[in-house]
Trainee: 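Okay, here's the structure, questions in a sec.
Letters go in sequence order (proteins before strands), and every chain restarts at 1.
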Amino acid sequence: MSEIPQELEELFQQLNPEQRAAACHDTGPLLIIAGAGTGKTTTLSHRVAYLISQGIDPSRILLLTFSRRAANEMIRRVDNLLRALGAGRERSVAEARSRSIWGGTFHSTAARLLRRYGQAIGLPDDFTIIDRSDSEDLMSSIRSELELGNNGKKFPRKGTLLEIYSRCVNTCSKLEPILEQHYPWCLEHVDDLKKLFQAFVDRKEKQNILDYDDLLIFWHALAADPAGGKLLRGQFEAVLVDEYQDTNVLQSGILKNLSPEGEGLTVVGDDAQSIYSFRAATVRNILDFPQAYPGTTIVTLEENYRSTQPILQATNQIIDEAHERYEKNLWSSKLTGEAPFIVDCSDNNEQADFVVQQVLEHREAGIPLQKQAVLFRASNHSLPLEVELARRNIAYHKYGGLKFIETAHVKDLMAYLRLAENPRDAVSGLRVLTLLPGIGQKKAQQLLNVLAESQFRFDVWSEFKPPAATVEHWPLFVRLMNNLASPQSEKKGISAEVHQVRTFYAPILDQQYDNASARQRDLEQLEQVASRFSSRMSFLEEITLDPPSSTQDVATGSDKADDDFLVLSTIHSSKGLEWDAVYVLQAADGSIPSEMSLESEEEIDEERRLFYVALTRAKNWLYVCFPHRQYFQNRRWNQAHSYAQLTRFVSSKTLSLFQRRPAFNAEDLDTPQEAQIETTAEDIRKNLRNMWTA
DNA sequence: GTCACAGAAATTTTT
DNA sequence: TTTCTGTGAC
């Protein structure tokens, strides 16, 4: 460990010895095992500040995080540290320095690097990026072109097709073993799948588009290329990776190429919180890091600053029952506190009632809604609660699930812009053309062929004789596309472009969708959002790589923080966050663990870690709700409900660390059920008579 | 060729 | 509740 400069000394006082060791480690490979709530962000930002103080140029630091939000938060903290370091005399200098840090997700960094250096491996720098549902659409349209699955046997749906493809490329493995292991029912289609995936790759190349997977694949290729790798290694002196337990083989391969010996490489993570294997993340990356980089220094952070000791005891017990992991035992100096609750509810309606009541009680006692969160395994688990919150007029933000950007009308609008940016993008072309009444798959394809033959100049479309249904729209449409594609358009600003599209698209939207006015308002919001961007390319890129995570974020803008609201979030989206009070919904087998993930030991272990992540978000109050009755919307079962088991992750040993309580005490109850038991036949008759009197 | 409607089937987590 | 396929009208 090098000597800490005098000016930094004071700042590093607040770190505990392990955090300090990690922050001030020299440049050899470093693995920080940071348990939940152990000050990971603090440690990482101090480390960045330390590296800069040791003379590393900030523009040669790469900080990879799981979300844009996390990267910004980290850089803000580095800012503060550097400011203190500069003791005010070079405040602006400090800010300018930390701004030049390369921070972001793997995907957004890939996009940036590939635009700059991609030519080294023959990649054009003007590619556009498509999101998951665009990839699905492309997959689906190629499938129908190749006429696959028309032979009577049912072919996998588009989402599954993309999942299979994605898993193969992200794990760098062949199709057959992936099918055998994860999609055995698709084995009969193996040849068709190969044909389809080949065409998928060709098509993306022809259209000059990259999907999420391509960003990583091409970054990996660039880093592995002798010339390209040299460029990248020359660019970065230090690489720091957050949430390392959720990276996949491609991502660890990228790091290996950026720093073959691990020089300047820092990874931070917690194997107990690895929850993204469905996205091909592998916990092996973090478990095997010391073998991959001989001479690795391992620092384990075990002091938890978040939760009370009673909550930690319960969560420690849950994770202790998992299989393979780095040994660690989290402890807290917050010794006193309420033990966590298992709350017995009769069904998910009572669960919703309980949560609302408890949330309000805590608010009365001084914990604002924003410091409370409701977490759940699947987006739809929160629906009854959302109904209840709406009924009681309680504001909430929901994270995860369907995103603003994935709604049809937003995708429509973005497609016009994407087509203007990249006329070879046939996914967008098909989408905007088929929006016009009277134009379907066939005519749209012909029009796109004509466009391709004329060097992608939209004015060829003015010669097209539109079907009667769309004569009014057509000249306006051609003019719109010509306008957007003209070089002058961009000078007027991206929000002016959104406005143009919106004007053209409004009547189509009215015809196509119900609740059109709500959708129109969304698009107005989008126009507002667009004004923050300097170019169409950056707008499209940011929106696809880092979409606003909740509809309300777009609606209110991030600056309007004065309204209090309750947080509803999928467990996956709650990663890295914390709240005073946490409510976990549906802690019943089948929901947690999800019945979709019971095939193998590994899957179940991941569900356990997911449960662990949910519980470790809590600082002072933790309520694990267990609705006894489970409803099925499935028509295959005759009965409408069945009785659930408490999640298997609460063993009898674990249970003893919880307080068990009913959602409502019998004496508080004022339900019809309760009333019936208490009433005599006499009372019932009286009620029946009273019903008819005014 | 396009569109609208009907019926069947499947239904997690996300950069 | 959404997504896919088949059918028949225009």
Trainee: Could you work out which one of B:dT12, B:dG1, B:dC3 sits closest to the side chain of A:A378?
Mentor: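 Shortest atom-to-atom distance from the side chain points to B:dT12.
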
Trainee: OP1 or OP2 of B:dT15 versus the side-chain N and O atoms of A:R69: is any pair under 4.0 Å?
Mentor: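 Negative; the distance criterion is not met.
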
Trainee: By the 4.0 Å heavy-atom rule, please label A:F106 as base, sugar-phosphate, or nothing.
Mentor: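 The residue A:F106 makes no contact with any strand.
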
Trainee: Heavy-atom count around A:E205 CD within 6.0 Å, excluding the residue itself: above 12?
Mentor: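 Result for CD/A:E205: open.
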
Trainee: I need the CG-C1' distance between A:L447 and B:dG1, as an integer number of Å.
Mentor: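 Atom CG in A:L447 sits about 13 Å away from atom C1' in B:dG1.
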
Trainee: Determine, step by step, whether A:R143 and A:D192 satisfy the salt bridge (Lys or Arg N to Asp or Glu O under 4.0 Å) criterion, reporting the C-alpha distance in whole Å, the side-chain angles of both residues, the deciding distance to 0.1 Å, and the verdict.
Mentor: CA-CA 9 Å; A:R143 181 184 68 176; A:D192 283 347; over 6 Å; no

Trainee: Kindly point out which of B:dT15, C:dC4, B:dT13 is positioned nearest to the side chain of A:T570?
Mentor: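 Shortest atom-to-atom distance from the side chain points to B:dT13.
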
Trainee: Are side-chain N/O atoms of A:S141 and A:S144 paired as donor and acceptor at under 3.5 Å?
Mentor: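 Absent: no donor and acceptor within the cut-off.
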
Trainee: Assuming nearest nucleotide by heavy-atom distance, tell me which of A:K443 and A:Y276 is located more 5' along DNA chain B.
Mentor: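 Result of the comparison: A:K443.
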
Trainee: Where the side chain of A:S597 is concerned, which of B:dT13, B:dT15, B:dT12 is the nearest nucleotide?
Mentor: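 Selected nucleotide: B:dT12.
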
Trainee: Using whole Å, report how far CD of A:E595 lies from C1' of B:dA10.
Mentor: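 A:E595 atom CD is separated from B:dA10 atom C1' by 12 Å.
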
Trainee: Rounded to the Å, how far apart are A:H381 NE2 and B:dT11 P?
Mentor: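 Spelled out: NE2 on A:H381 to P on B:dT11 is 14 Å.
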
Trainee: In whole angstrom, what separates A:W185's CH2 from B:dA9's C1'?
Mentor: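 Whole-Å distance recorded here is 15 Å.
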
Trainee: For A:P467, which contact category applies under a 4.0 Å heavy-atom criterion: base, sugar-phosphate, or nothing?
Mentor: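 The residue A:P467 makes no contact with any strand.
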
Trainee: Just the rounded figure in Å: distance from P of B:dT15 to CD1 of A:I217.
Mentor: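 Result: 18 Å.
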
Trainee: For A:M139 and C:dT3, what is the distance between atoms CE and P respectively, to the nearest whole Å?
Mentor: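 Spelled out: CE on A:M139 to P on C:dT3 is 17 Å.
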
Trainee: Measure from the side chain of A:R143, starting at C-beta and using heavy atoms only, and say which of B:dT14, B:dT12, C:dT5 lies closest.
Mentor: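 Nearest to the side-chain atoms of A:R143, counting from C-beta on, is C:dT5.
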
Trainee: What's A:I275 touching, base or sugar-phosphate or nothing? Going by heavy atoms closer than 4.0 Å.
Mentor: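 Touches nothing.
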
Trainee: For A:Y244 and B:dT15, give me the distance from atom OH to atom P, rounded to whole Å.
Mentor: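 Answer to the nearest Å: 20 Å.
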
Trainee: Of the nucleotides C:dT5, B:dA10, B:dC3, which one has an atom closest to the side chain of A:R157?
Mentor: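 It is B:dA10.
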
Trainee: Closest to the A:S379 side chain: B:dT15, B:dT13, C:dC4?
Mentor: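 Side chain of A:S379 sits closest to B:dT13.
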
Trainee: On DNA chain B, compare the nucleotides closest to A:H107 and A:G440; which residue's is nearer the 5' end?
Mentor: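 Result of the comparison: A:G440.
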
Trainee: How many Å lie between OH on A:Y399 and C1' on B:dT15, as a whole number?
Mentor: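 Between C1' of B:dT15 and OH of A:Y399: 18 Å.
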
Trainee: Heavy atoms, side chains only, cut-off 4.5 Å: are A:R377 and A:S597 in contact?
Mentor: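 In contact.
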
Trainee: Out of B:dT12, B:dT15, B:dT14, which nucleotide sits closest to the side chain of A:H572?
Mentor: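 Per side-chain heavy atoms of A:H572, the pick is B:dT14.
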
Trainee: Would you say the side chains of A:D412 and A:Y505 form a donor-acceptor pair under 3.5 Å?
Mentor: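 Distance-only check passes for A:D412 and A:Y505.
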
Trainee: Taking the side chain as everything from C-beta on, heavy atoms only, tell me whether A:V582 gets closer than 4.5 Å to A:R617.
Mentor: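 With C-beta onward as the side chain, the pair touches.
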
